[in-house]
Amino acid sequence: LAEGANLIDECVESFADVKVSDRGLVWNTDLVETLELENLLINAAITMHSAEQRKESRGAHAREDFPDRNDKEWMKHTLGWFDSAKTSKGKVNIDYRPVHMQPLDKDMDHVPPKARVY
């Protein structure tokens, strides 16, 4: 995952070379495709960096080097954002927030977390 995070950082950096040549204001597919590419690169970078930092396997996020779920350390939501003003390796920021373990109203019973086993 560390290698993948570095590779996606290189792809993000190469986006600086992308230019929009169509200056039209109507049906500008060049602009739309450029904006879509930027969005995909940003989301891929955040996904790779957040996956690389999570040292466990949980649900669809499975790691061979960390095969078990670790609720003690990783029962939290991952938050990621992208700062295009920063230099190449520091554009992705990852933080965490706690999981709310209890329902917000009395109509729903508490369901304790458990590992998915198939």
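All heavy atoms count here, side chains included; hydrogens, waters and symmetry mates do not.
Contacts of Arg58 classified as salt bridge (charged side-chain N to carboxylate O under 4.0 Å, His left out), with partners at least two apart in sequence or in another chain: Glu56, Asp71. Partners of Pro113 according to the side chain to side chain contact (heavy atoms under 4.5 Å, CB included) rule, which considers only residues two or more places apart in sequence or in another chain, are Arg69, Met75, Met101. Remark: Lys55 pairs with Glu52 by the salt bridge (charged side-chain N to carboxylate O under 4.0 Å, His left out) rule, at least two apart or across chains. Applying the side chain to side chain donor-acceptor pair (under 3.5 Å) criterion to Asn6, with sequence neighbours excluded, gives no partner residue. Applying the side chain to side chain contact (heavy atoms under 4.5 Å, CB included) test to Leu7 and every residue at least two apart in sequence or in another chain returns Glu3, Glu10. Considering only residues two or more places apart in sequence or on other chains, Asp65 meets the salt bridge (charged side-chain N to carboxylate O under 4.0 Å, His left out) condition with Arg63.
Across all non-hydrogen atoms, the minimal contact from Thr78 to Ile94 is CG2-CG2, 3.8 Å. Minimum interatomic distance between Ala45 and Val12 (heavy atoms only, all atoms of both residues): CB-CG2, 4.0 Å. When all heavy atoms of Leu1 and Ala51 are compared, the closest pair comes out as CD1-O, 3.5 Å.
Between the CG atom of Leu41 and the CD1 atom of Ile46 there is a distance of 11.0 Å, given to the nearest 0.5 Å. In this structure, CZ in Phe15 is found 10.0 Å from CG in Leu40, a value given to the nearest 0.5 Å.
The side-chain heavy atoms of Cys11 and Glu13, taken from C-beta on, include no pair separated by under 4.5 Å. You'll find the side chain of Asn93 reaches within 4.5 Å of the side chain of Lys86, heavy atoms only.
Applying the ring-ring contact (aromatic ring centres under 6.0 Å, His included) test to pairs two or more places apart or on separate chains, those with a residue in residues 50-78 are Trp74-Tyr96. Counting only residues at least two apart or in different chains, side chain to side chain donor-acceptor pair (under 3.5 Å) contacts with residues 36-50 comprise Asp9-His49, Asn39-Asn43. Residue pairs that meet the salt bridge (charged side-chain N to carboxylate O under 4.0 Å, His left out) test with at least one member in residues 94-105, sequence neighbours left out, do not exist here.
Summarising the hydrophobic clusters (Ile, Leu, Val, Met, Phe, Trp, Tyr; side-chain heavy atoms under 4.5 Å, direct or chained), the residues clustered with Trp27 are Val26. Other members of the cluster containing Val32 do not exist, because no ILVMFWY side chain is joined to it at under 4.5 Å.
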Solution key, residues 18-25 side-chain donor-acceptor pairs under 3.5 Å, sequence neighbours excluded:
unit_1 : atom_1 : unit_2 : atom_2 : d
Lys19  : NZ     : Ala16  : O      : 3.2
Ser21  : OG     : Asp30  : OD2    : 3.3
Asp22  : OD1    : Gly24  : N      : 2.8
Arg23  : NH2    : Val20  : O      : 3.4

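In the hydrophobic cluster analysis, where Ile, Leu, Val, Met, Phe, Trp and Tyr join through side-chain heavy atoms closer than 4.5 angstrom, Phe82 is grouped together with Leu37.
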